[in-house]
Amino acid sequence: MIRKIKTTIPLAALAFTLGLGPALNAQDGKAKILETGDFHGKVHSTSGRATIYREKDGQLLLRLTNFKTSNGPDVHVILIAAKDAADDANFLKSSTQRVELGSLKGNEGDQNYTIPKGTDLSKFQTVSIYCERFNANFGAAPLEKF
Amino acid sequence: MTLQIGTWLSRRKWILIAIGVPVLVAAWWAFRPEKLWINQTVDEPAPFASASTPQPLYTGRLEGKAHQTSGRATIYKSSDGKEYLRLTDFTTSNGPDVHVLLARGDDPGLQQEIVKGSLDSVELGSLKGNQGDQNYDLPAGTDLAKYSAVVIYCERFHAIFGTAKLESF
């Protein structure tokens, strides 16, 4: 009986550390900058920086800073599954996979967008300012590890 | 007679209006031309702009010159107002008397692998390691608008191992 308890306690302690360890790490995981990149865009001159943050709770966030693009109808912020979008490739191929982050809040200024849970950043490597109505890429920022 | 022409004209006018107005409205809705000169400015705060965490000011990718160099250079401002350079994912070749400098972004010397003459630069110290994350304090009052390039520089042979062009974060 005593022996059983003796083995149970370390086992319980082990299970506790194993189970709680990752949870504690996730809690510990400070807000962090994961990736960043500069915007380029010729057709509708677009400039500024796109940065992906991971918040304390693991939520991913895209932030645009020093940002400027042309105003337009039905403009959205999307992540595309591509290394970059060329300046002259103003229009996105229909086969390009994308993650919608929402309507562009403003064509100037600092702004944040929530990235849906489970988005694979190793696949979606470029931020695009995208006019849905005309399938036009206003500008793109290829993301690189920060 | 004149009355008939008048009604015919006004009917055509009405048809034009009936077709023209929706077309104009549709075109306006599609192109929203007024947005060409109307800006929508926003100003949201950074996700964790707490005063205690250092804030990145400038960042850039390191590119190799005389020797393969890669990684990221970022200038941070800490809560006490001090600025420092941090190298991350950093790799360069080891060498003698290698220093970290800030140089003028438009300095033609940066285009060369071996600098002839001297670089107008701000010394940040000897390279602490040729691999790994590392921090360097900036002298107070460094003009980062002017000294906007990070240079990994071998003083002995005037060789530029690598440079990073800093851009505002």
Side-chain angles (χ1 to χ4, degrees), chain A residues 29-40 44-45 47-75 77 102-115 131-134 136 138 141-146, chain B residues 24-63 70-79 85-91 105 132-133 135 144-145 148 164-169:
Chain A
K30 277 194 212 151
K32 206 183 152 192
I33 297 169
L34 299 182
E35 296 177 342
T36 190
D38 287 315
F39 274 106
H40 59 83
H44 299 262
S45 69
S47 61
R49 177 173 293 282
T51 307
I52 292 188
Y53 290 79
R54 191 182 60 212
E55 293 195 285
K56 275 181 191 162
D57 56 3
Q59 176 71 58
L60 295 178
L61 208 86
L62 170 72
R63 177 167 170 79
L64 310 182
T65 45
N66 301 316
F67 180 71
K68 209 171 166 46
T69 188
S70 65
N71 208 345
D74 203 19
V75 182
V77 182
S103 289
L104 187 69
K105 296 175 185 176
N107 70 312
E108 282 183 3
D110 300 350
Q111 46 204 295
N112 304 333
Y113 297 86
T114 312
I115 298 173
C131 171
E132 293 264 352
R133 195 166 297 160
F134 298 108
F138 277 20
L143 296 169
E144 290 180 316
K145 190 167 180 283
F146 183 74
Chain B
L24 281 177
V25 168
W28 166 79
W29 176 82
F31 291 97
R32 299 298 298 275
E34 84 282 8
K35 290 198 170 185
L36 279 176
W37 61 87
I38 297 174
N39 282 321
Q40 197 175 357
T41 306
V42 285
D43 187 16
E44 291 186 315
F48 47 87
S50 72
S52 60
T53 48
Q55 296 300 312
L57 300 180
Y58 297 88
T59 190
R61 301 283 306 176
L62 280 155
E63 279 164 27
S70 64
R72 180 172 287 283
T74 308
I75 307 270
Y76 286 91
K77 187 180 195 137
S78 57
S79 50
L85 167 73
R86 178 167 171 79
L87 306 180
T88 45
D89 297 316
F90 179 69
T91 308
D133 299 351
N135 300 343
L144 289 167
S148 61
K165 194 171 147 242
L166 294 173
E167 285 177 40
S168 69
F169 196 86

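Per chain, numbering begins at 1; letters A, B, ... match sequence-line order. Heavy atoms only: backbone and side chains are in, while hydrogens, waters and symmetry mates are out. Since we're looking at a predicted model, the values are computed, not measured.
By number of non-hydrogen pairs under 4.5 angstrom with chain B, the leading residue of S70(A), G72(A), G48(A) is G72(A). Highest contact tally toward chain B, considering only N71(A), L104(A), N66(A), D74(A), is held by N71(A) [criterion: heavy-atom pairs under 4.5 Å]. For chain A, the option among L36(B), T88(B), T74(B) with the highest count of heavy-atom pairs below 4.5 Å is T74(B). Note: N112(A) leads D38(A), L64(A), T65(A), N112(A) in heavy-atom pairs under 4.5 Å with chain B.
One distance of note links CZ of R133(A) with CH2 of W29(B); it measures 3.5 Å at 0.5 Å rounding. Atom OG1 of T41(B) sits about 8.0 Å away from atom NZ of K68(A), to the nearest 0.5 Å.
For Q59(A), the CD atom sits in a packed shell: over 12 heavy atoms of surrounding residues, nucleotides or ligands are nearer than 6.0 Å. Heavy-atom contacts from other residues, nucleotides or ligands closer than 6.0 Å to NZ of K35(B) number more than 12. Residue-environment remark: NZ (K77(B)) stays at or below the threshold of 12 foreign heavy atoms within 6.0 Å.
Heavy-atom distances place no part of P33(B) under 4.5 Å from chain A, backbone and side chain included. At a 4.5 Å heavy-atom cutoff, the contact between D89(B) and chain A is made by side-chain atoms alone.
Remark: the backbone N or O of E44(B) is not paired with any side-chain donor or acceptor of D110(A) at under 3.5 angstrom.
By the 30° and 60° cut-offs, the orientation of the rings of F146(A) relative to Y76(B) is perpendicular.
In plain terms, the two heavy atoms of P45(B) and R63(A) that are nearest each other are O-NH1, 3.1 Å. Residues P73(A) and A30(B) approach most closely at CG-O, 3.2 Å, considering heavy atoms.
With contacts defined as side-chain heavy-atom distances shorter than 4.5 Å, the pair T36(A)/R72(B) qualifies.
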